[in-house]
Amino acid sequence: MTTERARPNYVAVWVWLVVLMIAGVLASYLPFAKSAVIFLVFVVAATKALLVALYYMHLRFESGLIYAMVIVPVVLVIALTFLLFPDLVFHH
Amino acid sequence: METTAATRAGTDILPGKVGVWWFLASEVMLFGGLIGSFIVSRLGSSGWSGEAAHLSVPVAAINTLVLLTSSMTMVMAFGAVEKGDPRGLRTYLFLTVLLGLTFLGIKAYEYSSEVAAGFTPVTGLFWSFYYTMTGLHALHVLAGIITNLALFVMARRGLRNQHRVELAGLYWHFVDIVWIFLFPLLYLT
Amino acid sequence: MMSWLPENVSTYGGDIDSIIRLIYYITSAWFFLTLGVFLLFLILYRRREGRRATYIRGDRLAEAAWILIPALIVLVLDLWIDFRGADAWAKVKGRVPPGDLRVQVTAKQFNWEILYPGPDGKFGTADDLQLENEMHVPVNKVVRVTLKSKDVIHSFFLPNLRLKQDAVPGREIEGWFQATKPGRYEMPCAELCGFGHSGMNGWLHVHPADEYQKWVKEHWPTS
Amino acid sequence: MSDPVAVLAIPEASLHHEELGFWRTYLFSTEHKTIGKQYLSLGLFMTIVGGFLAYVMRWQLAYPDTEVPGWGFVGPEFYNVLVTMHGTIMVFFVAMPILLGAFGNFLIPLMIGARDMAFPRLNMLSFWTLFVGTLVLLASFFVPGGAASAGWTGYPPLSAKAIYTGVNWGLNLWILAHAIEFASFLMGGVNFLTTAITMRAPGMTFFRLPLVVWQLLTAATLFLLSVGPLIAGAVMLLMDRIAGTSFFLPEGGGEPLLWQHLFWFFGHPEVYVILLPAVGFVCEVLPVFCRKPLFGYRWIIYSTITAGILSFVVWAHHMFLSGMDPRLAMPFSITTILISVPFAILVFAMIATLWGGSIRFTTPMLFALGFVSMFIVGGLTGIFNGSAPADIYITDTYFVVGHFHYTLFSAVVFGGFAGIYFWFPKMFGRMMNETLGKVHFWLTLIFFNATFFPMHILGLGGMMRRIANPMQYQFLQPLQPINVFITFSAILLLVAQIPFAVNFVWGLVAGTPAERNPWEANTLEWAAPSPPPHLNWGEAIPTVHRGPYEYSSPEGPEDWLPQDRLVVARSS
Ligand code: HEA
Ligand code: HEA
Ligand code: CUA
Ligand SMILES: [Cu+2]
């Protein structure tokens with residue numbers, strides 16, 4: 001199964017990850033509005049996670065079944081968190 | 001979905017891989033539930049940024065680097081399996097274990113300096129979350145190290161069934177991804 | 001079934017009862033319909049010598065309509081229950097009216113502490129009055145209740161007024177009621193709160209207007 | 001090792017038979033059928049514990065503060081222990097082990113035509129993990145301070161600090177037992193799903209799978225995807241109790257309601273985890289004894305999946321009056337009530353299966369029919385709870401207790417017994433006695449209704465749950481005769497299980513040997529000998545040619561057509 005496909009360049013992905021990490025740390029010191037900084041930091045984190053998942057975990061080369069197994073829990077977790085907002089964030 | 005394979009109707013994915021992905025799905029829910037609770041608790045209270053400022057960003061950044069690198073060595077171990085290179089497999093597994101231990105070492109150093117500074121799990125809700133989340137993550141790292149050590153021993157004995165390297169890798173990368181989110185959640189905001 | 005409900009003495013109790021009644025009628029209808037058909041089939045199609053079962057798979061839409069169309073009716077009835085329910089919910093819990101009288105109820109293991117603000121209408125002043133497990137209110141007046149708890153979760157329950165609301169430590173929860181009939185009504189705790197949960201009970205006294213004034217005079221003679 | 005293909009080869013179970021010693025055969029077996037029976041024994045044993053607790057509880061409710069015969073005096077503290085442990089045991093240590101553990105393990109490999117589970121050793125581990133969890137839970141009765149007493153839902157702050165309940169180690173062990181139980185069923189669930197996805201026999205496509213496999217898979221998926229947040233919550237709760245944090249304690253900035261959200265995010269899917277396998281058993285039993293295909297096979301699959309998805313967005317219907325934001329109530333109320341649509345399709349399909357059938361009233365069929373009718377009652381009362389304004393009055397009353405016994409008990413007892421009576425011949429190679437079985441059914445049906453139906457009346461009368469003594473309330477005193485009636489019905493319900501116990505033991509040792517396919521059923525498990533040998537099939541795995549419910553098909557002269565039979569020439 002795995003013999004045929006082209007292997008991604010693992011080191012290049014690592015370089016990207018390190019660059020993004022440094023970018024994330026630096027971004028947290030930017031003099032922007034707090035919400036903008038947080039947004040930026042998490043966009044960076046999500047990109048890193050995506051890189052690891054797609055290349056190191058070979059998600060790019062997997063079937064739809066495995067995609068579903070990743071996406072469904074992620075969606076559920078996000079939904080759960082948002083549904084907790086009215087009750088635990090806005091109640092003051 | 002109408003498959004009519006000659007031998008089995010099942011998909012051609014390795015059972016181990018399907019199993020590990022299902023397991024990871026439930027792990028996403030575990031860490032997701034914890035992170036979600038943290039996010040809503042944080043947004044619902046105030047003053048947590050001040051608490052977070054007591055954490056050391058440089059140390060955590062180095063630790064992130066360690067874990068990212070260990071992910072690379074892990075995937076290279078898998079690459080070695082695919083190429084049929086037992087030497088490379090052993091080297092990379094060994095490196096991964098080493099990096100994992102380094103991560104735990106640095107984490108332990110962090111814990112001890114924080115406790116010394118008077119921040120324990122009962123100092124406040126932020127610290128409770130901090131210790132619970134990183135603690136649970138550290139336990140996962142530990143489990144990964146043990147798995148990789150076992151694989152390393154097997155690889156030295158020249159055992160077959162090396163598809164397990166891929167499975168252990170999936171788990172290891174997942175633990176890495178969890179850290180990728182814990183790092184900004186706890187340290188950077 | 002419905003006659004088992006205790007007497008309703010609040011303005012919104014009727015709305016709640018009518019929702020319960022609506023659901024009762026709808027579900028009873030489905031109960032008799034489904035179990036009627038069920039029993040009928042059991043009798044009609046019991047095994048008999050020499051008869052073979054008919055081969056019906058029910059996958060084609062034309063056949064499946066036998067189950068899908070009733071399900072569609074279920075959907076419509078569901079929406080009916082939802083819409084009627086939304087109105088009742090909005091009335092009881094959605095918006096709290098200003099209120100003629102304010103009372104603070106603090107639950108603790110295993111008592112209700114009832115706090116009256118006194119003539120100045122403010123809590124936390126010298127003329128506050130605190131009672132244990134006893135609440136006195138005038139009839140036909142909107143009473144606003146602020147629920148608190150000192151330790152664990154309790155639930156403030158007035159069966160006759162169809163009022164129930166959990167009291168959660170760390171939160172202040174607003175509730176209200178308007179009693180329509182004088183009398184003495186039980187006020188139990190409905191959420192497990194420890195070994196004294198069973199027996200955690202109080203009384204709501206609903207007084208006619210003049211009697212309530214007398215009660216007020218007794219407790220705040222100066223005003 | 002240098003050959004990449006060899007390195008990545010899939011390990012296949014070897015066919016050759018090795019003699020295993022006693023330990024490996026009966027205790028530390030990796031064989032799915034043996035493990036299934038182990039789960040069954042564990043579950044049946046815990047039933048006795050859970051049932052006994054129910055008896056003590058009922059006696060206390062009928063005659064408060066008198067000695068319970070066979071037990072002694074029950075104070076209010078101990079009453080709370082009874083409620084908590086009864087609920088916990090019945091849900092986590094009876095329903096899950098029997099419905100998922102026993103039947104999932106026994107049926108999935110056989111029905112999909114596999115030789116064993118995908119991960120046999122993990123399977124063994126998951127059973128023994130559960131065993132340890134059970135021991136931990138039982139041990140909690142004997143630690144100083146007694147067992148957990150904060151309800152099976154364990155709401156903090158009550159459960160988060162020892163001073164509130166007076167129970168210290170009992171509650172810690174209760175949390176630990178849950179954690180172990182969850183770990184066990186996580187392993188089990190992963191195994192079920194992987195097995196069914198990767199190890200189906202040739203020709204066994206997804207749309208030829210027996211429905212019980214679909215239902216078990218949906219149940220396992222629901223469990224895997226919902227339990228994580230609760231594990232996180234359990235860790236936090238344990239930290240609160242042991243390390244002194246305050247995740248759920250407001251004095252330290254925590255939020256009691258967070259636990260309720262995490263608990264019910266799991267708790268609601270969990271009730272379907274219990275329900276769906278039972279629905280599956282009924283889906284297998286009905287067509288066999290109606291001798292006709294299950295009505296609307298695909299529609300049942302679609303509605304099962306729809307109900308599964310919806311079950312993730314209804315959890316706050318347990319929290320309408322918990323103090324959560326009142327604006328959340330209506331959205332959750334709407335999703336809750338809408339879930340009746342997929343269940344309506346399921347129930348209607350079951351009833352439509354009877355239509356035009358040739359119905360045989362065997363014991364398994366009677367229990368299956370009992371399930372259908374009793375589940376309808378339980379489902380319909382769920383609508384009362386689901387409507388937020390109606391729930392203001394009935395939440396935390398016996399109406400809810402009535403609702404969930406009609407649903408849970410239908411699933412565990414009617415569904416479970418339908419499964420036992422149906423697959424007993426395959427599991428143990430012997431038949432059970434039909435007459436005793438029918439006596440068992442009718443007694444159970446009658447006393448079940450006598451026990452639980454009046455609870456709705458108590459609930460409408462306002463009787464609260466989890467109270468040790470209804471006589472402490474004036475408005476409940478007139479209802480006390482109903483409580484007494486319920487208690488005696490419950491005792492008779494327990495007694496009604498004696499015919500089953502006799503039948504089961506008698507069947508094991510002296511039942512008439514069962515043929516391969518005593519019910520003339522189609523699914524693959526009946527193609528294996530009774531009981532199936534090690535690795536289930538002889539040299540060749542069966543090949544599947546059609547769906548599972550081809551009864552009375554025009555294609556054959558007989559009124560059944562097994563999934564693995566090749567039809568060569570059509571009879572003219
Ligand atoms: C197997 C278990 C099981 C099942 C299947 C269900 C099914 C349902 N449950 Fe139940 N429930 C529990 C177990 C279960 N429940 C438990 C254990 C508790 C209490 C926990 C505790 O607090 O301790 C509980 C509590 C509970 C509550 C909270 C009550 C409260 O505490 O205040 C609610 C509220 O919405 C609810 C609703 C429902 C609904 C809408 C369904 C639906 O799925 C039912 C759908 C089925 C049907 C509706 C029948 C078939 C349809 C028809 C015949 C068509 C006609 C129908 C209509 C027109 C509506 N349940
Ligand atoms: C599957 C779940 C299940 C089952 C079967 C039962 C069975 C019974 N339950 Fe229980 N009950 C719960 C789940 C269950 N209960 C839960 C979750 C709670 C809530 C706890 C809480 O509030 O925290 C509760 C609460 C509860 C209360 C409310 C207590 C209170 O709030 O104060 C009462 C009161 O009468 C009660 C009574 C009974 C009785 C008399 C039985 C009898 O029917 C028992 C008789 C036993 C049998 C007839 C044996 C049945 C056989 C099997 C279960 C195994 C079947 C085996 C095979 C199929 C092989 N139960
Ligand atoms: Cu207070 Cu129950
Ligand atoms: Cu629910």
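Note on naming: letters A, B, ... go to the chains in the order of the sequence lines (proteins, then strands), and numbering restarts at 1 for each one.
Distance check, rounded to the nearest 0.5 Å: CH2 of B/Trp21 to CD1 of D/Ile197 gives 13.5 Å. B/Phe129 CZ to D/Thr245 OG1: the interatomic distance, rounded to the nearest 0.5 Å, is 9.5 Å. From D/Leu186, atom CG reaches atom CD of B/Glu27 across 8.0 Å, with rounding to the nearest 0.5 Å. Going from atom NE2 of D/His261 over to atom OG of B/Ser37 covers 10.5 Å, rounded to the nearest 0.5 Å.
Counting all heavy atoms, side chain and backbone alike, D/Phe247 lies closest to B/Leu125 at CA-CD1, 3.8 Å. Among all heavy-atom pairs drawn from D/Ala232 and B/Leu30, the shortest one is N-CD1, 3.5 Å. In terms of heavy-atom proximity, D/Met239 sits nearest to B/Thr132 at CE-OG1, 3.3 Å. The minimum heavy-atom distance linking B/Gly19 with D/Thr194 is given by the pair CA-OG1, 3.2 Å. The heavy-atom pair separating B/Pro15 from D/Ala118 by the smallest distance is CB-CB, 4.4 Å.
For chain B, the nearby part of D/Met236 is the side chain; its heavy atoms alone come within less than 4.5 Å. If you measure heavy-atom distances from D/Val227 to chain B, you find no contacts under 4.5 Å at all. Heavy atoms of D/Phe223 lying under 4.5 Å from chain B are absent altogether. With a 4.5 angstrom heavy-atom cutoff, D/Leu262 touches chain B only via side-chain atoms. Interface remark: D/Leu225 contributes backbone and side-chain atoms alike to the contact with chain B (heavy atom separation under 4.5 Å). Using a 4.5 Å cut-off between heavy atoms, D/Ile231 contacts chain B through both its backbone and its side chain.
Taking chain D as the reference chain and counting heavy-atom pairs below 4.5 Å, the highest number among B/Gly33, B/Gly16, B/Ser26, B/Ala25 is found for B/Ser26. Of the listed residues (D/Asn191, D/Asp240, D/Val190), the one with the most heavy-atom contacts under 4.5 Å to chain B is D/Val190.
A 6.0 Å sphere centred on CH2 of D/Trp315 holds more than 12 heavy atoms belonging to other residues, nucleotides or ligands. Remark: B/Phe38 CZ is packed, more than 12 non-hydrogen atoms of other residues, nucleotides or ligands lying under 6.0 Å away.
Annotation: residues 106-123 of chain B contacts chain D through B/Pro121, B/Val122 [non-hydrogen atoms, separation under 4.5 Å]. Contacts of residues 51-77 of chain B with chain D at a heavy-atom distance below 4.5 Å are absent; not one residue qualifies.
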